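Please read all numbers here as calculations on a predicted model, not as lab measurements. One-based numbering, in listed order, for ligands and for the atoms of each.
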Amino acid sequence: MRLSATILFGAVIISLIVCTVMAKRSRKPIGNWVSFLLCGLTLPVVGNLILVVSRNRILSDIGFYFYFLGLDVAIYALLHFTLTYCEIGWRSKVLRYTVYSLWIIDVIQYIVNPFFHQAYSSEAVILDGSPYYRLIPHLGQTYHRALDYGVLLVIFFIYDYKIRKTPRIHRDKYVVIFASLMISALVETYYIFSRRPVDMSMIAFAVFGFLVFYFALYYRPLRLLDRMLAGVVSDMPEAIFFFDNAKRCIWSNNPGIALTGIEGGKFEDARVKLDDIFGEIDYENTGWCKKLVIGTGDDARHYYIENTPTMDENLNITGFSILVRDNTQYQRDLMKEMYNATHDGLTGLYTREYLYECIEKKLQSDADTNYLILYIDIVNFNIVNDVFGRQFGDHVLYKVSDYLKNSKADNLLYGRLGGHTFGAMVEKSQFNQEAMEEKLINLTVKDENLEHHIVVHIGVYEVNPEDETDVTLMFDSARLATSRMKEDTPIHIVYYDDIIRDEIVYDQLISNQLQLAIDERQIRPYLQPIVNNKGELEGAEALVRWIHPDDGFLSPAAFIPVFEKNGLIADVDRYMWRCACEILADWKKRNIHKFISINISPKDFYFMDVVDEIEKLVDEFGIQPEKLRIEITETVMMTDADDRLQIIKDLRDYGFIVEMDDFGSGYSSLNLLKDMPVDVLKIDMHFLNDSNENERASKIVKNIINMSGDLGIASLTEGVETRDQYAQLADMGCLLFQGYYFSRPVPVDEFEHDWLRRRGGVGL
Ligand code: C2E
Ligand code: CA
Ligand code: CA
């Protein structure tokens with residue numbers, strides 16, 4: 001008995017030590033606790049080994065110590081291992097330190113046992129012919145057992161809780177440990193109560209240790225892995241079919257079943273069904289992939305098919321898999337993305353970039369044909385948008401794009417370049433300028449409520465066969481051609497040619513010369529008198545003139561539009577306003593109480609704080625604000641109406657008299673007047689004269705004068721050229737007059753000579 005127990009315990013101890021070292025070396029985080037637990041389990045076995053080999057009391061006592069204290073260490077390690085393994089922490093510090101204290105008491109009572117014998121004593125029995133010291137437990141031993149059983153019970157609860165909370169697949173590893181621990185505890189209990197001399201329950205403890213070692217460190221639930229793999233494959237978006245070496249389908253995932261419509265797990269039918277859908281599939285060769293399109297047009301479906309061989313560990317082919325991916329949605333999204341990137345959202349025409357790309361390709365592939373590049377601009381589109389609303393503005397854009405879409409010209413490429421501009425390239429032989437002009441003259445846009453005549457300008461750049469100009473530059477040139485067109489011109493189509501090029505160069509030239517011209521006073525104000533209905537002088541309008549050293553006398557029409565485009569107008573106006581203030585300051589000194597009107601370009605508002613600028617000037621020159629009248633045009637109000645209204649109010653609050661210039665041109669509406677707090681309305685006669693319907697014109701003027709009178713706004717008619725007009729207008733109630741009939745705009749000294757010194761007037 002002794003010998004066999006010695007051998008058995010020895011073997012168990014060696015195995016436990018080996019496992020302890022292996023667990024320590026394992027890289028898993030739980031490894032440390034496993035190795036500690038195995039070490040703890042080794043100690044009681046060592047104790048029992050000592051008891052088995054010992055033949056005297058002292059050695060047996062050492063055995064008992066190993067046994068009892070080792071058991072404490074093992075249970076302590078088991079508790080910590082369990083908490084980590086089951087991912088449960090100590091719920092409270094008090095609990096934790098109470099348990100530790102109970103263990104410390106247990107250790108202490110064993111230490112004092114030799115003096116008080118309160119834990120245990122031993123008695124010698126004869127085993128295999130020699131004395132074997134058997135345990136006689138006392139109260140302390142009961143305490144020790146109660147403590148260790150108590151902790152064991154807690155550990156059982158933890159496993160029980162964990163097993164109930166864990167999904168089935170993962171439960172195994174807890175169940176095994178729970179069960180083996182239970183068996184070890186029962187075996188141990190049996191030995192305690194049976195009082196058999198040699199405690200074979202140690203073997204059960206060791207087996208428990210080995211199970212922990214395996215399950216905590218090496219166990220991989222194979223069933224779980226299989227199920228996981230099958231789950232992943234089943235839920236893949238791709239259809240997948242596995243074939244064996246006989247080229248028979250043995251399994252397919254859910255998308256595969258859905259694709260082929262095989263029923264009741266009859267996977268062998270999949271092959272025929274696949275052939276039905278995709279035509280003959282190559283089952284003879286493995287390791288290929290291809291793309292297939294089934295159907296046409298919008299119904300076309302796009303597939304990707306891949307055949308991959310399957311192999312065992314020795315690289316022998318065991319069959320193959322066929323994977324089918326339905327790329328239809330991806331392909332549609334891609335097409336949509338492409339479409340969105342290359343087409344304008346509103347009109348569906350090509351975007352600028354895409355149009356340029358297409359034109360470039362076309363020109364490269366077809367170098368012999370003569371083409372025209374068209375830059376198509378909707379004039380004053382922003383005003384249409386502001387006045388008639390965005391919806392109507394969109395209608396205008398649709399109208400132009402529909403026109404392009406419906407064109408029958410061959411080889412026509414077209415797109416939307418930006419807000420209100422379109423671009424096209426057409427074969428020269430297909431472009432009929434006269435017919436096009438005809439269409440553009442009568443271009444109107446209607447919706448349910450509105451009908452509006454829209455003005456479209458087309459700039460044309462002719463592409464010569466050997467022309468290497470960049471497409472962007474071609475469109476720039478065509479655009480420049482339109483920019484040369486006057487708004488009220490009856491012509492809508494203009495070619496970019498040498499004249500335009502020269503004009504552009506000239507514009508640049510005068511822009512460069514402007515500063516010097518101001519410094520040298522080549523640019524100066526002319527004054528045009530403004531008289532009352534008795535023909536007496538009331539004031540004058542300051543109009544800019546440029547006496548150019550090379551080109552002679554330049555009228556504002558030659559340079560103001562250029563400077564309005566490039567922003568230099570602000571420099572001209574600032575200078576003109578200063579000149580007007582200088583003259584007024586001089587008049588003030590000479591006791592002349594006439595006013596001067598200055599012009600404000602709508603563009604000035606973009607480049608400076610107009611109110612601040614003018615206020616500073618009158619302060620600087622010490623003149624009364626009402627002597628400097630301010631002419632603004634109604635286009636000023638077309639954008640940012642609220643801001644601009646505030647500007648007018650600010651000017652009037654400061655004491656300036658604000659006049660609305662050119663009333664009768666453009667979009668003038670009496671409605672606008674109602675909201676515009678101006679003092680004077682300047683009615684432009686020569687716009688009305690153009691109409692050649694004098695009677696109608698005079699009725700309109702009469703109405704305007706009456707209405708403005710009702711609104712408390714004084715009227716001034718400009719462009720008065722004949723005595724008749726003057727008489728008629730005076731009759732209608734107009735108060736102020738300006739025009740060639742009285743005088744052309746003249747240099748300041750001439751004005752002073754003719755109008756101030758003479759103090760005369762032009763009578764009726
Ligand atoms: P506007 O402000 O409407 O100026 C009146 C224009 O009508 C002047 O042309 C003037 O010479 C012309 N005019 C005066 N009486 C008659 C007449 O009886 N019959 C005809 N047919 N025309 C008459 P001008 O001086 O060529 O100026 C043209 C435009 O240039 C001005 O129109 C104004 O808009 C602009 N302008 C002139 N000076 C300045 C300036 O200093 N700054 C700004 N921003 N614009 C200016
Ligand atoms: Ca004016
Ligand atoms: Ca005017």
ring-ring contact (aromatic ring centres under 6.0 Å, His included) filter on Phe431, not counting sequence neighbours, yields none

query = Less than 3.5 Å between some nitrogen or oxygen of Met576 and one of ligand 1, yes or no?
reply = no

Shell check on the Ca ion (ligand 2): protein N, O or S atoms less than 3.0 Å away are Glu541 OE2, Asn599 OD1, Glu631 OE1, Asp661 OD2

| said: I'd like to check Pro525 versus Arg545 (side-chain heavy atoms, cut-off strictly below 4.5 Å). Are they in contact? | reply: no

Looking only at protein heavy atoms, what sits closest to atom 6 (C) of ligand 1 is Leu543 CD2, 4.7 Å

* For the residue pair Tyr726 and Tyr741, does the interplanar ring angle fall in the parallel (under 30°), tilted (30 to 60°) or perpendicular (over 60°) class? -> tilted

- Within a reach of under 6.0 Å around CD1 of Ile499, are more than 12 heavy atoms found that belong to other residues, nucleotides or ligands? no

**Q.** Ring geometry between Tyr354 and Tyr350 (parallel below 30°, tilted from 30 to 60°, perpendicular above 60°)
**A.** perpendicular

Discussion item. Between Asp377 and Arg479, is the salt bridge (charged side-chain N to carboxylate O under 4.0 Å, His left out) condition met? List the steps.
Written reply: CA-CA 8 Å; Asp377 179 34; Arg479 180 181 56 78; over 6 Å; no

Please tell me whether His420 and Asn382 have a donor and an acceptor in their side chains that are separated by less than 3.5 angstrom.
no

- request: Could you tell me whether Tyr740 and ligand 1 have an N or O pair separated by under 3.5 Å?
  value: yes

* To do: Would you check the N or O atoms of Asn599, main chain and side chain alike, for any that come under 3.5 Å of an N or O of ligand 1?
  => yes

Exactly one candidate in Thr717, Ile530, Asn533 meets side-chain contact (heavy atoms from CB on, under 4.5 Å) with Leu736; the answer is Ile530

>> Using 30° and 60° as the class boundaries, would you call the ring planes of Trp755 and Phe751 parallel, tilted or perpendicular?
In response: parallel

(Q) Regarding ligand 1, does Tyr741 bring an N or O atom to under 3.5 Å of one of the ligand's N or O atoms? (A) no

Would you say Asp604 and ligand 1 have an N/O pair spaced under 3.5 Å apart?
no

The protein heavy atom nearest to atom 43 (C) of ligand 1 is Asp573 OD1, 3.3 Å

*Consider every N or O of Gln528 and every N or O of ligand 1, then say whether any pair is closer than 3.5 Å.*
yes

